[in-house]
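Take a look at the structure set out below.
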Amino acid sequence: MSLKQEFFTQVVQVLSDEIFEKASKASLQILVNVCQWGRNRAKAAEADAVRVLVNLLHDSTDKRACELMLMLLDQLCQSAEGRAELLRHTAGLAIVFQENT
């Protein structure tokens with residue numbers, strides 16, 4: 001299943017806007033489900049998902065949301081684009097290391 005780039009841009013925007021908790025968790029769950037397929041991972045990374053996830057992880061206190069974010073980061077980092085975006089973010093490796101300790 002390959003989705004259009006606009007889909008990822010819109011879902012990542014919902015995450016970034018942090019409209020309300022249920023919308024954010026639903027967006028995370030959607031991305032976790034669709035990023036199981038290779039090209040979707042790259043599209044999500046290109047939609048700035050890695051940057052948004054790292055920023056959200058930094059401020060989040062909700063354990064379930066953090067789990068979803070880390071699952072999604074793991075999936076995104078299975079693509080070259082995702083790994084590059086994580087390394088490009090100044091807090092990318094630090095936040096992942098912190099969340100896993």
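By the 4.5 Å heavy-atom criterion applied to side chains, L68 and R64 are counted as neighbours. Side-chain atoms of V54 and E85, non-hydrogen and from C-beta on, never get closer than 4.5 Å to each other. Between N40 and F7 there is no side-chain heavy-atom pair separated by less than 4.5 Å. L53 has its side chain within reach of L28: a pair of non-hydrogen atoms, C-beta onward, lies under 4.5 Å apart. Using a 4.5 Å heavy-atom threshold, the side chains of L57 and C66 count as touching.
If you chain together hydrophobic residues whose side chains sit under 4.5 Å apart, V32 and V14 never meet in one group. The hydrophobic clustering, which links ILVMFWY residues whose side-chain heavy atoms are closer than 4.5 Å, places V11 and W37 together.
The residue from L73, L72, N55 that alone fulfils the side chain to side chain contact (heavy atoms under 4.5 Å, CB included) condition with V50 is L73.
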Steps toward salt bridge (charged side-chain N to carboxylate O under 4.0 Å, His left out) verdict (E46, R39): CA-CA 11 Å; E46 291 166 6; R39 188 67 194 133; 3.6 Å; yes

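Atoms CD and OG, on E18 and S27 in that order, are 11.0 Å from each other to the nearest 0.5 Å. For the atom pair S24 OG and D62 CG, the distance stands at 9.5 Å (nearest 0.5 Å).
Not a single donor-acceptor pair under 3.5 Å links the side chain of Q75 to the backbone N or O of R41. Here the side chain of Q5 pairs a donor or acceptor atom with the backbone of K43 at under 3.5 angstrom. Side-chain atoms of N33 come within 3.5 Å of backbone atoms of Q29 as a donor-acceptor pair (strictly under, hydrogens ignored).
Closest approach of A44 to L76, counting heavy atoms only: CB-CD2, 3.6 Å. The shortest non-hydrogen separation linking C35 to F8 is SG-CE2, 4.3 Å.
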